[in-house]
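Below is one structure, written out as structure tokens; comments come after it.
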Amino acid sequence: MRQRVDLYTLPHLVRMVEEGRFRVGAFSRPAIWGHRQITELFDSVHRGFPIGTITVAEQPAGEEDFRIAGLPVHASRDGQAWTVLDGVQRLTTLVGVWHHQPDQGDDRYAVWYDLDNDRFLPGPHPGALPVSVACRADRLRSWIDTHPFLTEDNIAECWRLHTALTSYQEPVTVLSGIESSESFSLLFTRLNDAGVGLARSDVARARKEAGIPTSPVAGEQPLIRQSEQLGFGRLPEALAVQCLLAVAQPRRRIPRSAPRPHMDELAVSATREAVERAGPALEVALRFVRKHARIPHVRLLPHPEILPVLVRFVSVFGPPSQRPQELLRRWVWRTAMLTPRQTSVLEEAMEPVAGTAESEAARLLESVPPPGPRPFTADLTSVTADHPEGRLNALGLLSAGPALLVPSAFVAGDQPGAPLSVSSLLTPWLDSEHDLFCRLTPQPPGASRPTTLGNYLLHPPAPSGKLLKTVTSPDSLTASLLEGHFLDPRGIQLLSSRRYEEFVQHRDGLLKTAITHRAQSFARWGFKDRGRLPSLPDSARDTPNGTP
């Protein structure tokens, strides 16, 4: 067997894929990368980091038609075709992002570049630059012309990204002279299964020899991985650091912002001890949040600050039970109902822990002010996961047991009718960082975006036209599936008659009642918090009036 190494720019690689130069072996894994790996690949390219060598076997291949990242490819008969042995995920990602168009194809390849913060994000993101645009000079010029708000620095950054993407050179190792299929299979196995991951000590030694400052313990990473493994999603690094500080210094205030410097001040031994103790405490806290507060994912926490407070509670007092458990559940949901002007009270929750489990739970609960002179009602103008009110709305909609209505790229393999609450469907969707809601009714030309929740479904990303057609098609969905999205016969009739404004008003009424009742059934404003606590059903549908 012989080998050589050639260098190709990324546009050249994509062009060779389009022309059928590369073939994907029958035993290669399908494209399995998610948003994190895809954005990290382009971040590495932007920084000039190596992304690994693509290894191919040069051998005869017949005429073939196939798809790669949704792109149809016709490969002619070739006596020196390149079958990919290692690098399928990288090639697929490059092609998928290069050819991605908004509202078309696999949304995993919708990658945007934040010009102001120098980072790659799963799209779409208003004001950010689509990487599929940055790849091509003609598209980039048109995009800049249609975005007059860009500063000179923004425009310069656009072209720097274009240069980084188009000039980056990727090595391709070409193997020839492979004499048998057995050798071919063995080679593939060893390329993909023989590596040994770097231990932390290996990384630390390399950093030391390179003169790079070494952090004693990357404490937040085990917590982030643990949350992902438990199906609660990827914790933001700052939130994971807050959880560590909550365990390391339970008698000190948890910093609500910029926690990293506080972590750096800890001694190495204290950091190690915090890492060891924080894992079990986080697991118990997440179990409480999911089972008792019914919040299944980190992106649905109306106020993420509650998590380090709960981790601290568990590390000091153990798992909450009986009266403290009920008080903490009320506290979680009462904080979720805070108005924007009231969120400063979360500072009190971060104050040092003291007393007993019951007194600490009572202190947290008493720190939350009542909704005001009027009872709490859901804010249906919030239709995004970026705001606590939007996340509270999503929790209310999720309580009705909604199901998947149409296929989505983020939940591949699940069929319509699958409950959105199951971890295998909910977690990949929310981890994708796309929004929680899908628009249902068409938007008239020139009209502003509808601003109430009645026009949106809690559903993984899907074309609104396809959702509307599915919902209004006779016999396409059962009544129970529609009811799980608060689509009753009256609403379906209005949709089918294209009386969209009346439909939104009708559904707004249903949603406001359900979301308000759901929040009240957990927060229990108006019930006594001292003495013997009543036992009430958790389901919003079991408390039709939602009031004491």
Side-chain angles (χ1 to χ4, degrees), residues 232 235 238-257 259 277-278 281-295 298 300-372 376 388 391-392 395 518-536 538 548:
F232 197 71
L235 299 184
L239 188 63
V241 172
Q242 285 177 317
C243 291
L244 281 172
L245 288 170
V247 171
Q249 301 174 324
R251 306 297 175 181
R252 295 183 63 179
R253 181 181 174 278
I254 303 171
R256 195 175 173 200
S257 61
R277 293 171 51 210
L282 176 65
E283 183 172 354
V284 173
L286 293 185
R287 190 183 309 128
F288 167 81
V289 170
R290 297 175 76 170
K291 181 178 179 180
H292 299 288
R294 303 291 177 84
I295 301 176
V298 64
L300 295 177
L301 288 171
H303 297 286
E305 297 98 322
I306 69 166
L307 187 59
V309 174
L310 291 172
V311 168
R312 180 177 63 183
F313 184 98
V314 171
S315 71
V316 174
F317 302 113
S321 61
Q322 299 180 349
R323 183 183 179 85
Q325 182 185 93
E326 172 63 18
L327 294 178
L328 286 175
R329 179 167 66 170
R330 295 184 183 190
W331 170 71
V332 168
W333 276 83
R334 290 184 189 182
T335 61
M337 299 161 71
L338 291 172
T339 66
R341 293 183 179 181
Q342 293 176 321
T343 54
S344 60
V345 304
L346 290 169
E347 296 283 356
E348 296 184 39
M350 302 297 204
E351 292 298 324
V353 66
T356 64
E358 185 171 329
S359 66
E360 175 64 10
R363 179 188 76 83
L364 292 172
L365 190 62
E366 291 168 0
S367 70
V368 185
F376 167 82
R391 298 191 284 272
L392 181 60
L395 290 171
R518 179 64 169 180
Q520 171 62 15
S521 71
F522 283 106
R524 295 174 186 176
W525 281 116
F527 289 92
K528 63 178 183 178
D529 297 325
R530 298 181 180 276
R532 184 175 177 272
L533 300 178
S535 177
L536 297 178
D538 291 336

Would Arg330 and Trp525 count as a side-chain contact (heavy atoms from CB on, under 4.5 Å) here? Give the steps.
CA-CA 8 Å; Arg330 295 184 183 190; Trp525 281 116; over 6 Å; no
Side chain Thr335, main chain Trp331, donor-acceptor under 3.5 Å:
yes
Criterion salt bridge (charged side-chain N to carboxylate O under 4.0 Å, His left out) on Arg323 and Glu326, from CA distance to verdict:
CA-CA 5 Å; Arg323 183 183 179 85; Glu326 172 63 18; over 6 Å; no
Show me the donor-acceptor pairs within less than 3.5 Å that the side chains of residues 238-247 make with the rest of the protein, sequence neighbours left out.
unit_1, atom_1, unit_2, atom_2, d
Gln242, NE2, Pro255, O, 2.8
Gln242, NE2, Arg256, O, 3.3

Interatomic spacing from CZ in Arg518 to CH2 in Trp333 - rounded to 0.5 Å
5.5 Å
Val309 versus Glu305, closest heavy-atom pair with distance:
CG2-O, 3.5 Å
Minimum heavy-atom separation for Pro320 and Phe313, please, with both atom names.
CB-CE2, 3.9 Å
Would you check if Leu395 and Phe522 make a side-chain contact, meaning some heavy-atom pair closer than 4.5 Å?
no
Rounded to the nearest 0.5 Å, what separates atom CG in Leu365 from atom CZ in Arg334?
4.5 Å
About how many Å separate CZ of Arg290 and CG of Leu300, when rounded to the nearest 0.5 Å?
11.0 Å
Between Phe376 and Gln520, is the side-chain contact (heavy atoms from CB on, under 4.5 Å) condition met? List the steps.
CA-CA 8 Å; Phe376 167 82; Gln520 171 62 15; over 6 Å; no
Which distance, rounded to the nearest 0.5 Å, do you find between the CZ of Arg363 and the CD of Glu358?
14.5 Å
Could you go through the side-chain contact (heavy atoms from CB on, under 4.5 Å) check for Val332 and Leu310 one step at a time?
CA-CA 9 Å; Val332 168; Leu310 291 172; 4.3 Å; yes
Quick one: closest heavy-atom pair of Arg524 and Ser521, and the distance?
NE-O, 2.8 Å
Do Arg329 and Phe288 pass the side-chain contact (heavy atoms from CB on, under 4.5 Å) test, and can you show the C-alpha distance, the side-chain angles, and the key distance before you say yes or no?
CA-CA 9 Å; Arg329 179 167 66 170; Phe288 167 81; 4.2 Å; yes
Approximate separation, where rounding is to 0.5 Å, of Leu392 CG and His303 NE2:
8.5 Å
Smallest separation among heavy atoms of Phe317 and Thr356, with atom names
CE2-C, 3.5 Å
Please tabulate, one pair per line, all N/O donor-acceptor pairs under 3.5 Å involving side-chain atoms of residues 344-354, not counting sequence neighbours.
unit_1, atom_1, unit_2, atom_2, d
Glu347, OE1, Arg253, NH2, 2.1

Least distance between heavy atoms, Val314 atom then Pro319 atom
CG1-N, 4.5 Å
With rounding to the nearest 0.5 angstrom, report the CD1 to CG distance, Ile295 to Leu286.
11.0 Å
